[in-house]
*Asks:* 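Got a structure for you, written out below as structure tokens; questions coming shortly.
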Amino acid sequence: MNRHRVIAVSIALAVVAAVLPVVLAAWLAWQGALNAENARLTNVAELALARAERSFRGAAQVLGTMQATTLAPCSEAHIAHMQALTANTPFIEEVGYIAGGMLRCSSWGVVQTQVNATPADFRSADGIDVHTQVQPLVAQGSTMVALQQGDYNVLILPARLVDVITDRDVQIGLRASNGQWIATSAGASAQWLGEAHPDWLQAQVQGEGWQAVAMQPREHLRGALGRELLWLLPIGMLTAAVLVAWVVWLSRKRLSPLAELALAVRHEEFVVHYQPIMQLATGVCVGAEALVRWQRPDGTMVRPDLFIPLAEESGLVQPITDQVVRAVVRELGTLLAADRSVHIAVNLCAEDIKSGRILPVIDQALHGTDVRPEQLWLEATERGFMAPDSARQTIEAARARGHSVAIDDFGTGFSSLQYLQNLPLDALKIDKAFIDTLGAEAATSSVTGHIIDMARALNLFIVAEGIETQAQADYLRARQVDFGQGWLYAKAMPAEQFTAFYQHCKAQVGSGPAVVQVARPGHAQAGGGPLPSAPLAK
Ligand SMILES: Nc1nc2c(ncn2[C@@H]2O[C@@H]3COP(=O)(O)O[C@H]4[C@@H](O)[C@H](n5cnc6c(=O)[nH]c(N)nc65)O[C@@H]4COP(=O)(O)O[C@H]3[C@H]2O)c(=O)[nH]1
């Protein structure tokens, strides 16, 4: 993913992280309010159902008691018995005795009124006929529910069945399991309760033979929603803030140069360019220095001096070096196998010089190819040689394999001539900064001559870096500097172009020596003879 996409994805994620928890909190608050109000309504319906069932049980008991009585019908004692039961049984308004289609007497006294025998609206499970709309004959007033069994009936005020303490705008209804409405709370109608009302919440509770329904306007939700939001919204906002901070932290981490570099290493986004190295005396091309570039997914090239310091600091330089070594063998293996005069110098990091880790990596890269270790030169800056004992071991192991080892950018760092003298190096590369001063009358220009003299005294090959003018080349050739590289000859170029450059050069001036490793007096691993007459030992 390139930088722009990472930024775009991060912004999208941050927006989601900011919005989602708040939306979720609002949704949870809504669900919480809905559940709370439904639970409240269900509770009201349960209370109503319990009250109705208690009433019906009481009525059934009264009917059972009267059926069992042996008192003479409508006698004083009979009527007194009915009165006592009416007084002692809550919800019951009247007990009546019916015989021969006439209400003979009731808890009110002797009546002798014709009863219109209408079929019951339904019969309950325990065999009691229920008439839901009965106009009392004695106690004139509102319609009542009559429960009749045998010669007796009891009258109940329907509103009493659903008389539950609750909010004023909660409406309650009670109906039999066949759907017949038995009672409704004050202000509600059975027809209204039986219809669907989207603006109202409804709860139903099923009992044995009865069903209680409670309804209330949805506006009640507003209050409950406010209460839920009061604690859920701050949690949602806090979560959003934490998530946004986390997304920002992650994206900053992902966008950090180190993360980008680590990703580049993982995706192998590095390409290698080759800068020709010329033998100054003859103009022969003896090889090239492999210089890495970071090719970003959008095609832009990043210069190594912009990412190598970070790579060295973080340890990522090692996998980068490995990729460079593999690229050299992959891209130039054919040329190197076909022409032993071609050498490629690879830059090593200080850590690899200290540890020697790179040597088996190179062995592995060369394994199965026809490229000789002598054709790979190893370069490292002065920093790599600051731990002389371990550096010595690595250099000796490298030279034993056939590689030549050079000290790079000489003179720019902390150079100790003592360790330079004691290390079995093959070559010294004079940094461009010293080449730039040549002919410039600068104070440092005289230093260049001293570096050349010193390298010569140490029997090291000399490679001059960054030659840009003919005057610089002439001076270096006059001072018998062996090799040079710089824009005067060629800039670093892709492998294909370098192969063409080399072939052209070879056709013009011929090829160089096969082995350029030089014997250092006092060093046991000394290989071939001095340049340029070193033979190729095959
Ligand atoms: N102005 C000017 N510049 C010239 C001229 N001739 C050569 N150069 C530049 O000088 C640098 C020489 O490489 P270096 O001293 O090893 O310095 C290298 C080296 O220290 C490091 N580097 C490059 N590739 C690798 C690598 O694979 N591994 C490691 N560890 N470091 C590398 O990055 C440094 C910079 O590399 P580059 O940007 O490729 O820059 C290269 C090259 O392009 C010239 O005539 N004029």
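All values below were derived from every heavy atom in this structure, side-chain atoms included, with hydrogens, water molecules and symmetry-related copies excluded. Whatever order the structure lists ligands and atoms in, that order sets their numbers, starting from 1.
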*Asks:* Say whether Ala492 and ligand 1 are in contact under the criterion: heavy-atom distance to a ligand atom below 4.0 Å.
*Replies:* no
*Asks:* Considering only heavy atoms from C-beta outward, does the side chain of Ser390 approach that of Phe385 to under 4.5 Å?
*Replies:* no
*Asks:* Measuring from the heavy atoms of Arg303, does anything fall under 4.0 Å of ligand 1?
*Replies:* no
*Asks:* Give yes if a backbone or side-chain nitrogen or oxygen of Glu379 is under 3.5 Å from a nitrogen or oxygen of ligand 1, and no if not.
*Replies:* no
*Asks:* Between Lys432 and Asp409, is there a salt bridge with N-O shorter than 4.0 Å?
*Replies:* no
*Asks:* As an exercise, identify every atom of ligand 1 less than 4.0 angstrom from a heavy atom of Val324.
*Replies:* 27 (O)
*Asks:* Could you tell me the residue and atom name of the protein heavy atom closest to atom 2 (C) of ligand 1, and the distance to it rounded to 0.1 Å?
*Replies:* Lys432 CE, 3.0 Å
*Asks:* Counting heavy atoms only, which part of Gln275 comes closer than 4.0 Å to ligand 1: side chain, backbone, both or neither?
*Replies:* side chain
*Asks:* For residues 328-336, tabulate all N or O donor-acceptor pairs below 3.5 Å that involve a side-chain atom, not counting sequence neighbours.
*Replies:*
residue, atom, partner, partner atom, Å
Glu331, OE1, Tyr274, OH, 2.7

*Asks:* Give me the nearest non-hydrogen protein atom to atom 36 (O) of ligand 1 as residue plus atom name, then the distance to 0.1 Å.
*Replies:* Pro304 CG, 3.3 Å
*Asks:* Taking the side chain as C-beta and beyond, is there a heavy-atom pair between His343 and Ser404 under 4.5 Å?
*Replies:* no
*Asks:* What distance separates Leu458 CG from Asn422 CG, expressed to the nearest 0.5 Å?
*Replies:* 9.5 Å
*Asks:* Just wondering, are more than 12 heavy atoms of other shown residues or ligands nearer than 6.0 Å to CE in Met237?
*Replies:* no
*Asks:* Going through the distances and angles, do Ile320 and Trp294 end up as a side chain to side chain contact (heavy atoms under 4.5 Å, CB included)?
*Replies:* CA-CA 10 Å; Ile320 294 176; Trp294 175 4; over 6 Å; no
*Asks:* Can you tell me how far apart CH2 (Trp377) and NZ (Lys429) are? Round to the nearest 0.5 Å.
*Replies:* 8.5 Å
*Asks:* Students should be able to answer this: which protein heavy-atom is nearest to atom 29 (C) of ligand 1, and at what distance?
*Replies:* Asn347 CB, 3.5 Å
*Asks:* So, taking the atom named CG in Leu193 and the one named CE in Met215, what distance separates them when rounded to the nearest 0.5 Å?
*Replies:* 6.5 Å
*Asks:* Suppose we measure from atom 24 (N) of ligand 1 to each protein heavy atom; which comes out shortest, and what is that distance?
*Replies:* Val292 N, 3.0 Å
*Asks:* To check your reading of the model: name the closest protein heavy atom to atom 18 (C) of ligand 1, its residue, and the distance in Å.
*Replies:* Leu291 CD2, 4.2 Å
*Asks:* Students should be able to answer this: which protein heavy-atom is nearest to atom 20 (O) of ligand 1, and at what distance?
*Replies:* Asp409 OD2, 4.3 Å
*Asks:* What are the atoms of ligand 1, with element, lying closer than 4.0 Å to any heavy atom of Gly486?
*Replies:* 6 (N), 45 (O)
*Asks:* Output the list of atoms in ligand 1 that are nearer than 4.0 Å to some heavy atom of Glu468, sorted by atom number.
*Replies:* 1 (N), 2 (C), 44 (C), 45 (O), 46 (N)
*Asks:* Output yes when Arg40 and Glu37 qualify as a salt bridge under the 4.0 Å nitrogen-oxygen rule, no when they do not.
*Replies:* yes
*Asks:* Using a plain distance cutoff, I'd like to know if Asp408 has any nitrogen or oxygen under 3.5 Å from a nitrogen or oxygen of ligand 1.
*Replies:* yes
*Asks:* Is the number of heavy atoms from other residues, nucleotides or ligands under 6.0 Å of His197 NE2 greater than 12?
*Replies:* yes
*Asks:* Is any N or O atom of Glu465, backbone or side chain, closer than 3.5 Å to an N or O atom of ligand 1?
*Replies:* yes
*Asks:* Compare Tyr489, Trp487, Phe307 and give the one whose heavy atom is closest to atom 3 (N) of ligand 1.
*Replies:* Trp487
*Asks:* Do any heavy atoms of Glu289 fall under 4.0 Å from ligand 1?
*Replies:* yes
*Asks:* Please tell me if the side chains of Met386 and Lys354 come closer than 4.5 Å, counting only heavy atoms from C-beta onward.
*Replies:* no
*Asks:* From atom 15 (O) of ligand 1, is the closest protein heavy-atom distance below 4.0 Å?
*Replies:* yes
*Asks:* Could you tell me whether Lys491 approaches ligand 1 through its side chain, its backbone, both or neither, with non-hydrogen atoms closer than 4.0 Å?
*Replies:* neither
*Asks:* Looking only at distances, can you tell me whether any N or O atom of Thr321, backbone or side chain, sits closer than 3.5 Å to an N or O atom of ligand 1?
*Replies:* no
*Asks:* For atom 33 (O) of ligand 1, is the nearest protein heavy atom under 4.0 Å away?
*Replies:* yes
*Asks:* Less than 6.0 Å separating the ring centroids of Phe307 and Phe270?
*Replies:* yes
*Asks:* Against ligand 1, does Lys429 come closer than 4.0 Å with any heavy atom?
*Replies:* no
*Asks:* State whether any protein heavy atom lies less than 4.0 Å from atom 11 (C) of ligand 1.
*Replies:* no
*Asks:* For residues Cys505 and Met278, determine if any side-chain heavy atom of one lies less than 4.5 Å from a side-chain heavy atom of the other.
*Replies:* yes
